[in-house]
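One structure below.
Atoms considered below: every heavy atom in the structure, side chains included; atoms not considered: hydrogens, waters and symmetry mates. Below, read A as the first sequence line, B as the second, and so on, with proteins coming before strands; counting in each chain starts at 1.
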Amino acid sequence: MHLPTGDEPAGYDPAVVERKWRARWDAAATNVTDLAGGPRPFYALMMFPYPSAEGLHVGNLFAFTGNDIYGRFQRLQGHTVFEPFGYDAFGIHSENYAIKVGVHPAELIPRNIANFRQQVQRAGLMVDWTHELSTTDPSYYKWTQWVFLQLYQRGLAYKKKAAVNWCPFDKTVLANEQVIAGACERCGTIVEQRLLEQWFFRITDYAGRLLANLDTLDWSETTKTAQRNWIGKSEGAEIAFPVLDVMVYGTSTANTATTGEVTAAPPTVKVFTTRPDTIFGATYLVLAPEHPLVAQITGDEQRSAVQVYVNAAASQDLVSRKTTKDKTGVFTGAYATNPATGRPIPIWIADYVLMEYGTGAIMAVPGHDERDHEFARVYDLPIVQVVAPADGGGDVSAAAFTDTAGCRLVSSGRFTGMTVEEGKAAIVAELAAHTAAVPVVNYRLYDWCISRQRYWGPPIPIVYCDDCGTVPVPESQLPVLLPLIDDFRPDDSGISPLARHDEWYHTPCPQCGKQGRRETDVSDTFLDSAWYFLRYPSSEREDVPFDRTLVKRWLPVHSYIGGNEHAVLHLLYSRFVTMVLHDAGLVDFEEPFTRFRAHGLIVREGAKMSKSKGNVVNPDQYIDEWGADAFRTYLMFLGPFEEGGDFRDKGISGVKRFLDRLWRSVQDAERGRPADPDVQRKLHQTIRKVGEDIPRLSYNTAVAAMMEYMNTMRAGERRPRLEEVRPLVQLVSPFAPHIAEELWEMMGGTTSVFDAGWPVYDPALVTEDRVTMAVQVNGKTRGTISVAKSASQDDAMAAVHGDPALAKFITGAPKRVIFVPGRLINVIV
RNA sequence: GCGAGAGUGGCGAAACUGGCAGACGCACCAGACUUAGGAUCUGGCGCCGAAAGGCUUGGGGGUUCGAGUCCCCCCUCUCGCACCA
């Protein structure tokens, strides 16, 4: 570092400038938002991070900076901008890490947060720190529990047994993504399936609205598509297949005893299908191994084989069940009548049919479904063709024929000859008349399991009482505090560690006062993050989850920026919770995020960053060496914000050089002289370009445009004039806020540059009077001509003939001339 | 397998509704100022060619006066979902 000597003007020292302005912003409360009164509210939200022990990742900073630029730009446009920050600090991630290093998460998390906060503050974000929140804070999770109660009261929270992945070595429940090839990702032990009672939210009740509302949202199209696929609407029919030769066994004596009579009516297998048109090709039925009818319909001879298969399916872990594509199954011995053909077809069970989708049973049409075809070939079941293309092909012996466009039904009784669409409608109508079918819309979406048999999360606010049953904890008794216990490791029971702490576990029933037992599951972190945007504006309020007046004023969120890894779950759950609160009359809108943009991923030197590769960029190190302003601007210059970019270590020097030149331009600027007309034109073009690029998140091209202007302004060691530099400082400010403030002050600014507005370009000054037009001969570019902007075709032709290098290509009389004013002339000879 | 996105110089990337492909930056080359340069400034820089000129946006076809951009087929990569009936 070289120090200024003598009269030489002070050089640009980012460390000094950035320290000065961070202090100044704090002292003057520059970034504190007037939530109650500020005009034109603009809520610029970014996804809050998980405060990991490793500290801030460049990926975080890339996202935050992109949001900050957008927010600062909105402020410069006259909005009152609210840019809050918080931490998503509950969850298995923190807990596992705490267990690994042997420090209690309650101690670890505040430490990580302090570190994170300090790193984020160095980046110069326009964050209003007076509204900081952490999901682990009792004053926050009190209201997370309140959200649970709102759902509970509306009948949207319920308990049921569900299968989970269980690692017998780590003694813990695993998420599906923690199971690799049937084994625990951490210890390699083979994962088992366990059935546990879990709390669910009825998000499926909202599937239709969650899908329909997507059309009204200004979101990245990729994100909307991901949500549509996740919701997975499919229209079809439920069709009833009566079971033949029913054997009623004594297993259902309990029912018989209560009703006092044996119902001889044969059971019916209901299947869901999207292809009712193929019913004449349904040659067998398949039930999921867990299907309730299995025990009832299985014949004596098949009973032991079926039992073995059912047990095997029950013990297999969830992931390998879904990833093993080899078809297996067993025959139950029972038959059902195909309501279309009237003929008996066998009933099988197989694990390729999932209990959780549709009715847990299918009609198998091996001729026109690949999975059924595969199964039919393994077990030698009949394959019948009932759909054929117009040309009569579509052989189904070797593979299923799944095309539908332009195809017609064959071998389908009186439906033969109909198109697939006609057949679907006609067959469902026919069967519906005999109450054998009903049109049904099914969703792939399943209910949201919020139970975690772990320690580090908000306890679910429920008490079990022998007399009163399941009792919600009243709002006045919230929060149900997570006890600070040292023994929080999960054990073999599959029950949360909280159950081992009697003084917490036993609690009076809120209704009758007798001793009850607390729910020991904690809730999913996705619940913490499904409402935090409502909390921010009134994060300090102890008496309410959110101030309704402020929510009305500030929400829905105007701009939300975050990673596409949350395209589905976080965003869907947030929409769901908001919709429920809307239905409960607690907020006025259904959709929390008006506009959402997903940012891209940062890689380094073409490779994904990871701890194991040791190629992770440490933001502190870069900020120390280059300054936060250069670092921010460089991150934005890497590539299109929504696509991410490649962090190349040497690349930052170009951006730093640009800021150095900006600094010197202000120092060298000639005062009291108007801008040079040519420079001024470029300036106004640049103002327009940057002002158009920022709202599109086209930050890389905005930076390029400013660099280009710099090159114009300083071309040939030209000394810039103050009026040429001043607006550039304003344009740069969202990207490099500290240096912009310093230069603004050096130029005589008395307020923050962020309260000085955005420069306005003059459309009259943007246009060039002379343009360069491309000259093509027979469609081949041969050169350019410089003509007046208003030049006619004749003027342009004259200019072409006037240039020998161009004229020589025109070897004959022009047959045709294409003239695009101001752009190009194409002469066909 | 299904869905989404992307393939452009040595590298990161630009290119709005089809109209000069490669803006801006890195790296590299040459020069200036320098005791010095990992500082600063000036100029050059897609490929082949001495030049004229030719070739060039993953590959192959097509539409058009004109295609990175539109249409069809194929290849590669990244991400998401994964037996969803």
Ring centres under 6.0 angstrom apart (A/Tyr446, A/Tyr357):
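No, too far apart.
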
Less than 6.0 angstrom separating the ring centers of A/Phe375 and A/Trp348, yes or no?
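Yes.
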
Could you state the atom-to-atom distance from [atom1] of [X] to [atom2] of [N] in whole Å?
X: A/Lys689; N: B/A14; atom1: NZ; atom2: P; value: 10 Å
X: A/Asp351; N: B/A82; atom1: CG; atom2: P; value: 17 Å
X: A/Glu565; N: B/G5; atom1: CD; atom2: P; value: 18 Å
X: A/Glu642; N: B/A4; atom1: CD; atom2: C1'; value: 14 Å
X: A/Trp230; N: B/A4; atom1: CH2; atom2: P; value: 17 Å
X: A/Ile825; N: B/C65; atom1: CD1; atom2: P; value: 17 Å
X: A/Tyr699; N: B/G12; atom1: OH; atom2: P; value: 23 Å
X: A/Glu643; N: B/A4; atom1: CD; atom2: P; value: 17 Å

Lys/Arg N to Asp/Glu carboxylate O, [X] vs [Y], below 4.0 Å:
X: A/Asp660; Y: A/Lys656; value: yes
X: A/Asp668; Y: A/Arg718; value: no
X: A/Arg681; Y: A/Asp678; value: yes
X: A/Asp215; Y: A/Lys224; value: no

Regarding [X], tell me which of base, sugar-phosphate or nothing describes its non-hydrogen contacts under 4.0 Å with the strands shown.
X: A/Arg696; value: nothing
X: A/Tyr709; value: nothing
X: A/Leu638; value: sugar-phosphate
X: A/Thr772; value: base
X: A/Thr784; value: base
X: A/Glu717; value: sugar-phosphate
X: A/Ile362; value: base
X: A/Lys608; value: sugar-phosphate
X: A/Arg718; value: nothing
X: A/Asn711; value: sugar-phosphate
X: A/Asn229; value: sugar-phosphate
X: A/Gly716; value: sugar-phosphate
X: A/Val286; value: nothing

[N] - base-pair partner by Watson-Crick or wobble geometry, distances under 3.5 Å:
N: B/G38; result: none
N: B/U69; result: none
N: B/C33; result: none
N: B/C24; result: B/G12
N: B/A50; result: none
N: B/C83; result: none
N: B/G5; result: B/C77

Main chain of A/Ile383, side chain of A/His373: is a donor-acceptor contact present, judged purely on distance under 3.5 Å?
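Answer holds: no.
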
Would you say A/His368's side chain and A/Phe401's backbone share a donor-acceptor pair under 3.5 angstrom?
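Yes; judged by distance alone, with no hydrogens or angles, the pair exists.
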
Quote, to the nearest angstrom, the C1' distance that separates B/U8 from B/A23.
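The same atom, C1', in both gives a distance of 14 Å.
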
Any side-chain N or O of A/Ser234 below 4.0 angstrom from OP1/OP2 of B/A85?
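Affirmative; the distance criterion is met.
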
[X] has a side chain; which of [options] sits nearest to it?
X: A/Phe637; options: B/G12, B/A21, B/A23; answer: B/G12
X: A/Arg782; options: B/C83, B/G54, B/A13; answer: B/G54
X: A/Arg664; options: B/C41, B/C83, B/G19; answer: B/C41
X: A/Tyr352; options: B/C83, B/C41, B/A27; answer: B/C83

Position toward the 5' end of RNA chain B (nearest nucleotide), A/Gly654 or A/Leu354:
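That would be A/Gly654.
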
